[in-house]
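The structure appears right after this line, and notes come after that.
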2 protein chains.
Amino acid sequence: MQTEEEFKDFILNGHLHYIPNVSIDCAIFGYHEQTLKLMLIRHRNMSSWSLPGGHIKRSETLVEAASRNVRMHTGLDNLFLQQFKTFGDPNRIQFNKFDKEKWFEITGLTSWEGNWLMDHTISVGFYAVTDFSETVLQTDISIAECAWFDIGSLPPLEFDHSEMVKEALHTMRLHLYHYPIGLNMLPEKFTLSEIHALYETLLGKKLDVSNFPKKLIALGLLNKLTEKRSIGAHRSPHLYSFDREKYTLALKEGLVLS
Amino acid sequence: MQTEEEFKDFILNGHLHYIPNVSIDCAIFGYHEQTLKLMLIRHRNMSSWSLPGGHIKRSETLVEAASRNVRMHTGLDNLFLQQFKTFGDPNRIQFNKFDKEKWFEITGLTSWEGNWLMDHTISVGFYAVTDFSETVLQTDISIAECAWFDIGSLPPLEFDHSEMVKEALHTMRLHLYHYPIGLNMLPEKFTLSEIHALYETLLGKKLDVSNFPKKLIALGLLNKLTEKRSIGAHRSPHLYSFDREKYTLALKEGLVLS
DNA sequence: GACTAATTAGTAAAATTTACTAAATATAGG
DNA sequence: CCTATATTTAGTAAATTTTACTAATTAGTC
């Protein structure tokens, strides 16, 4: 959706291609220099930030819609995506707060009564975890800004998106103990210290410097590479990669990390 | 919805009071004589069984809709209800399989083109666990039958409801290790053997006869009563009840059972 | 009153987790 | 070139938890 014309057509006739009354919202987590980041967007007719989201095409599944959405904003494909909760409180969206003048400016309509977008909308929340450094933030006609924020200092969010972030974070942390999702936030090759620091950041707590890496190795998902990383005036740590096959199996079967 | 007239009005004008394109479905689990049961209904115009479900009123939250639905079918209020997943595959409902003649009979319409019910519908899945013996199954005008089935021998289900049951069961079993939901399936007072048998049934595996009850006690949620239960020619086991306050806290904070 | 079968307390062995020590090592700086 | 330093990482002992097993208790029944 890049032109004004396309945007107007989406607003007026989108219900022909998209399912009304339902949307998806994505909490995209990224990790960078020992901080957990969240990607937020600002719609061009709104003053506060929101989670990126959108409607579901009539031909696609929920996860395909979320995937398309994430790809649109990050340029990334195939990243780890997981449904965490669906939100449907009757007053999660306050339509009376919307700007009537902007609406007229875009659509030429004096009222949004009967418009498919202006109705009670249930939203399916997904969270994604990704390697921050590989993302290339992108916008389209409906989005004014797109940026990463530290999870610890998020701005006020539109709708019930603060609640969504809380739930997404909670689910992600729970999953961290049961699925090897942390590996999605690291580059192909990484050291034990790097994955240790990642888990400390994601879980928001200290993990033993010696024992935690041993536990990770004991899970059997890591391949020790012969390569090492040079980190200056210190012993060079080994590089590791993860075993794709065992990773996929662990995603399906689950695992236990303490 | 008890009269034919109300049913017809719901079909024709329900979108005024209910949100279109979204529904909820409930997997209601009950426990009885060491088997796990699932409540199923059969719609009067369908040959196979389904999970009970329905649309969401414009004034209610998702969990309120699920709660209303469960109450309608079981007569029970305030039972443990938990969202587990939302389903939205584009072909989860095959409208072309519906019976055109029955449709005409009820509505007087020769086509369902444009009817609010006959559109792509996303469904939010909830599961509930309840004390089987307290339920009183109920139907309304749209439902032909309502019955309990052994989880091990379910009939073929409509739509994607088999998938839903699988997911509900999976989530319920995961929650069993993290929240004290099992207590919802027992009467007010119960013996350690009874709760032991319950967990074996729910998890589908053997649990040590001596150690497992000790673990449950160690969680600190149980109150040992002075009363005992008479079980015939054997030592009378103590009765236990659960501590409401600690139970509520454990639901919120989570716990770890192995 | 002995027998039976279930409850439940107790305990030893096994396994796991945690806490701590120290060896290995890469580079900087003298 | 040698030592100091910071980090990785192997090793191990202590603490804790889990598991496996034994046996005491007890309410009927025969």
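Per the geometry, CZ belonging to A/Phe212 stands 19 Å off P belonging to D/dT7, to the nearest Å. Note: NE2 (A/His238) to P (D/dT7) measures 18 Å, nearest angstrom. Computed from coordinates, the A/Arg229 CZ to C/dT27 P distance equals 14 Å when rounded to whole Å. Rounded to whole Å, the distance from CD on B/Glu194 to P on C/dA6 is 14 Å.
In this structure a side-chain-to-backbone donor-acceptor pair under 3.5 Å is present from B/Asn69 to B/Gly53. Between the side chain of A/Glu167 and the main chain of A/Phe84, no donor-acceptor pair closer than 3.5 Å is present. A donor-acceptor pair under 3.5 Å links the side-chain atoms of A/Arg42 to the main chain of A/Met46, judged by distance alone.
In this pair, A/His178 and B/His178 present their aromatic rings perpendicular. The plane angle is above 60°, beyond the 30 to 60° band. Between B/Tyr199 and B/Phe212, the ring planes are tilted. Angles from 30° to 60° get that label.
Looking at A/Arg92 and A/Glu163, no side-chain N of the basic residue comes within less than 4.0 Å of a carboxylate O on the acidic one, giving no salt bridge.
For the residue pair A/Ser133/A/Asp131, the side-chain donor-acceptor check at 3.5 Å is satisfied.
Of the residues in residues 195-207 of chain A, not one places a heavy atom less than 4.0 Å from an atom of DNA chain D.
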*Going 5' to 3' along nucleotides 13-23 of chain C, which nucleotides have protein heavy atoms under 4.0 Å from the base (write B), which only from the sugar-phosphate (write S), and which from neither (write -)?*
----SBBB--B
Contacts under 3.5 Å, N or O only, protein and nucleotides 28-30 of chain D:
unit_1 : atom_1 : unit_2   : atom_2 : d
D/dG28 : OP1    : B/Ser230 : OG     : 3.4

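For A/Arg173, the CZ atom counts as densely surrounded, since its 6.0 Å shell holds more than 12 non-hydrogen atoms of other residues, nucleotides or ligands.
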